[in-house]
Amino acid sequence: MTALLLGILLLPGAPVPPADDIVAQFEDRSFTVPDAQPPRSVRYRLLKPSVVEKDKTYPVVLFLHGAGERGDDNRIQLLYLPEWMTQKEWRERYPCYLIAPQCPSGKWWTGATRPSDTSATSDPAASESELALQILRTLSAELPIDQRRVYLTGLSMGGYGSWSLAARHPELFAAVVPICGGGDPAWAGQLKDVPLWAVHGDADPVVPPRRSQEMIDALKTAGGSPRYSQLKDVKHDSWTPAYKDPHGVLEWMFEQHK
């Protein structure tokens, strides 16, 4: 248990930030937290569709990164899905807004303490995922976002954040894709009607695959119809095969409408 708590949601070695040409495709933005004492702002990146046509709305993806991408550089959280979404073929296939906030060092999407192997963390109103949601709502008033196509996905620590944020706001999301995360099965009542596809590697040594499985089982018991892919012989990095499958979670996610 101690080893898991020390290493949970963290991959060995320091992650290498995306290249400059990748980062340059994202707007560097900051969100001022209303009424925060002391004053506080949250840095995030925004990817816009390559072409924004007049009188047309576009889906939006809120991406919650893993623990290894925490910090204040507003850059390293672009690893994995955000950087892959800058590829020409992906931008043409999935024109959307993508919001990538950065969780500060020492904090967690689900609150002030790290998720444990045995229990879900309570979610304070001012958790980092709630601030990410405030960013999304602010941008919804600024940009031509299709409110029927608001998507949420995250990996590892962000997988935990995706489960908990969706449970608190099930009416908001047209689809949720939590990868190698977990949550509290007691949330099943709130989540049962949310289109959801979870992914986990069956050899994950960091977040046990049963954390996803128990959520899926609870949703089915509650009357939901979630999808679940447990990837054979895949360790913690289940997000690469999940996101890069051309007929997998992304294709499914972008087909969902409220």
Which pair of heavy atoms, one from [X] and one from [Y], lies closest together, and at what distance?
{"X": "Pro208", "Y": "His200", "answer": "O-CE1, 3.4 Å"}
{"X": "Cys96", "Y": "Val61", "answer": "SG-CG2, 4.2 Å"}
{"X": "Ala242", "Y": "Val199", "answer": "CB-CG1, 3.9 Å"}
{"X": "Ile179", "Y": "Ser238", "answer": "CG2-OG, 3.4 Å"}
{"X": "Tyr160", "Y": "Gly182", "answer": "CD2-O, 3.2 Å"}
{"X": "Val177", "Y": "Thr153", "answer": "O-OG1, 2.6 Å"}

Spell out, as yes or no, whether a donor-acceptor pair under 3.5 Å connects the side chain of [X] to the backbone of [Y].
{"X": "His65", "Y": "Cys103", "result": "yes"}
{"X": "Arg148", "Y": "Ala174", "result": "no"}
{"X": "Ser212", "Y": "Pro209", "result": "no"}

Side-chain touch [X]/[Y], heavy atoms, less than 4.5 angstrom:
{"X": "Leu98", "Y": "Phe26", "answer": "yes"}
{"X": "Glu92", "Y": "Ser50", "answer": "no"}
{"X": "Gln102", "Y": "Glu69", "answer": "no"}
{"X": "Arg168", "Y": "Trp187", "answer": "no"}
{"X": "Leu196", "Y": "Pro178", "answer": "yes"}
{"X": "Pro104", "Y": "Arg70", "answer": "no"}
{"X": "Leu139", "Y": "Val60", "answer": "no"}
{"X": "Leu64", "Y": "Met157", "answer": "no"}

Open item on the list: Going by side chain to side chain donor-acceptor pair (under 3.5 Å), name the pairs with one or both residues in residues 216-227, residues two or more places apart or in two chains.
Closed with: Gln213-Asp217
Separation between [atom1] of [X] and [atom2] of [Y], rounded to the nearest 0.5 Å:
{"X": "Leu172", "Y": "Ser140", "atom1": "CG", "atom2": "OG", "result": "8.0 Å"}
{"X": "Leu136", "Y": "Ile99", "atom1": "CG", "atom2": "CD1", "result": "4.0 Å"}
{"X": "Leu81", "Y": "Lys244", "atom1": "CG", "atom2": "NZ", "result": "10.5 Å"}
{"X": "Met85", "Y": "Leu250", "atom1": "CE", "atom2": "CG", "result": "6.5 Å"}
{"X": "Ser30", "Y": "Asn74", "atom1": "OG", "atom2": "CG", "result": "8.0 Å"}
{"X": "Gln134", "Y": "Thr32", "atom1": "CD", "atom2": "OG1", "result": "11.0 Å"}

Open item on the list: Let's go through Asp204 and Lys235 carefully: what are the C-alpha distance in whole Å and the side-chain angles of both, what is the deciding distance for side chain to side chain contact (heavy atoms under 4.5 Å, CB included) to 0.1 Å, and is it a yes or a no?
Closed with: CA-CA 4 Å; Asp204 191 332; Lys235 295 185 178 181; 5.7 Å; no
TODO: Could you walk me through whether Asp20 and Arg75 pass salt bridge (Lys or Arg N to Asp or Glu O under 4.0 Å), step by step?
DONE: CA-CA 9 Å; Asp20 289 346; Arg75 180 186 182 107; 2.4 Å; yes
- [ ] Kindly indicate, with the supporting measurements, whether the criterion side-chain hydrogen bond (donor to acceptor under 3.5 Å, both in side chains) is fulfilled by Trp197 and Ser229.
- [x] CA-CA 8 Å; Trp197 188 342; Ser229 297; 2.9 Å; yes
Please check if the number of heavy atoms outside [X] that lie under 6.0 Å from its [atom1] is greater than 12.
{"X": "Lys258", "atom1": "NZ", "result": "yes"}
{"X": "Asp21", "atom1": "CG", "result": "yes"}
{"X": "Asp73", "atom1": "CG", "result": "yes"}

Open item on the list: With side chain to side chain contact (heavy atoms under 4.5 Å, CB included) as the criterion, how do Val52 and Tyr97 come out once you've worked through the C-alpha distance, each side chain's angles and the decisive distance to 0.1 Å?
Closed with: CA-CA 10 Å; Val52 178; Tyr97 292 97; 3.8 Å; yes
Going by the rule salt bridge (Lys or Arg N to Asp or Glu O under 4.0 Å), which residues pair with [X] if we only count those two or more places apart in sequence or in a different chain?
{"X": "Arg45", "answer": "Asp28"}
{"X": "Arg149", "answer": "none"}
{"X": "Glu53", "answer": "none"}
{"X": "Glu255", "answer": "none"}

Task: Positive for side chain to side chain contact (heavy atoms under 4.5 Å, CB included) with Trp109, one of Ser156, Ser162, Pro101 - done: Pro101
TODO: Check step by step if side chain to side chain contact (heavy atoms under 4.5 Å, CB included) holds for Thr57 and Gln147.
DONE: CA-CA 9 Å; Thr57 58; Gln147 298 301 318; over 6 Å; no
TODO: Determine, step by step, whether Glu130 and Lys107 satisfy the salt bridge (Lys or Arg N to Asp or Glu O under 4.0 Å) criterion, reporting the C-alpha distance in whole Å, the side-chain angles of both residues, the deciding distance to 0.1 Å, and the verdict.
DONE: CA-CA 13 Å; Glu130 288 290 343; Lys107 291 186 178 292; over 6 Å; no
Task: Qualifying residues under ring pair (Phe, Tyr, Trp, His ring centres under 6.0 Å), relative to Tyr151, sequence neighbours excluded - done: Phe254
Task: Test log, rule side chain to side chain contact (heavy atoms under 4.5 Å, CB included), inputs Asp237 and Tyr80 - done: CA-CA 10 Å; Asp237 179 9; Tyr80 313 124; 5.7 Å; no
Open item on the list: So that I can tick it off, tell me whether Arg93 and Glu251 are bridged by a salt bridge, with the cut-off set at under 4.0 angstrom between side-chain N and carboxylate O.
Closed with: yes
